[in-house]
Amino acid sequence: MPSVISPEPPALPTWKRPAPTKVDLPWADISIIDISTFDEPGGKEKLAKQLQHAVETTGFFSVTGTGFTDEEVTRQYSIGQAFMNLPKDIKDKPELRCDFGKGNYFGYRAANQAGEKKIMGTEVLDNVESVNIAKSIPELASEPRHEFFNQYLAEIEDFSRRSLALASKIFTLFALILELPHDYFSSKHLYSSKSEDHLRYMIYRPRSAAQDALVDNRWSRAHTDFGSLTLLWSQNVAGLQIKTKEGDWKYIPPVDGGIICNVGDAMQFWSAGYLKSTTHRVTRPPADQDHIHRLGLFYFVRPGDEVDIAPRRRRCCRDWDDGADSVEVTE
Ligand SMILES: O=C(O)CCC(=O)C(=O)O
Ligand SMILES: [Fe+2]
């Protein structure tokens, strides 16, 4: 009987992680949560306590003990790097473009897409390229995806599913913090539900010091993320900064084997403002890293398209609720 052998994905040059900066920067003090204890008796409750402070203050924290091996993460970076190395005319197909302006989050976005992306009224051009890959479900099968990724689709899907499974643990901790049923948020972020979740590879191309000086050394403008939660695989090239409560900009430090998580606007709204969606931006890296093409790996989690994200307050804060919004306790 003939056997069906699925072809091995082609070999790829292995991406090499840049060394951390030696420059002493104003680092943010972010909590590191070891999530490997999640399934131990009382583990969730302990973790929720640890996480509570982080989400009440910055909304940025790092998670370790996630089960992703260094090899798996490097492999994803290698896929991202190989795509970004393709010639522009091959990777930038008009029908496969992601166009935020049209509310479409999937596909490729060139740096300086269509030549119109000038920064802060100067002649300096945007230096960021990204590609967003939708979940592998029938409802999203016709979303733009470059054929380059087809050969790695099984591992991209596996990585994406596990990213969402990790996010789901964090949603459980959020529900515990807010004293809601444990699956309150996780059940509204299913892999099988149509949503704008995406795995993203993103690369910032270095600009000259003179060009960067014209745009205040800004590689991405200050913003908050739209969705529920962003997972950002910790990276050594410094540049990501968060705005603290005091109004200072602090750098997110590299965390060995860590995934940086941040609460997005949807989750801030959903938790009636309790969980914080913090403003962040990316700046030109320090002198020992300013020549590096800064590759990033992310999973952006969004609520299912049909989910109602009516605000829910923490139980302790519901007493004084005026009943004007839909915060009824259903458990
Ligand atoms: O590149 C980074 O470190 C952060 C990027 C980011 O904030 C985003 O894509 O929303
Ligand atoms: Fe962001």
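In listed order, ligands and their atoms are each counted from 1.
For Asp225, the N/O/S atom at the shortest distance from the Fe ion (ligand 2) is named OD1.
Using the six-membered ring where Trp is involved, Phe149 and Tyr201 have ring planes that are parallel, under 30° apart on the 30 and 60° scheme.
A cation-pi arrangement is absent between Arg312 and Phe185 under the rule of less than 6.0 angstrom and at most 45 degrees off the ring axis. A cation-pi arrangement, defined by a distance under 6.0 Å to the six-membered ring centre and an angle within 45 degrees of its axis, is present between Arg281 and Trp249. Cation-pi contact between Lys44 and Phe38: present, with separation from the ring centre below 6.0 Å and deviation from the ring axis of at most 45°.
For a heavy-atom separation below 4.0 Å, the residues in contact with ligand 1 are Arg200, Met202, Tyr204, His223, Asp225, Leu240, His280, Val282, Arg294, Phe298, Phe300.
Neither side chain, Asp197 nor His189, offers a donor N or O lying under 3.5 Å from an acceptor on the other.
The same ILVMFWY cluster, assembled from side-chain heavy atoms under 4.5 Å apart, contains both Val307 and Tyr184.
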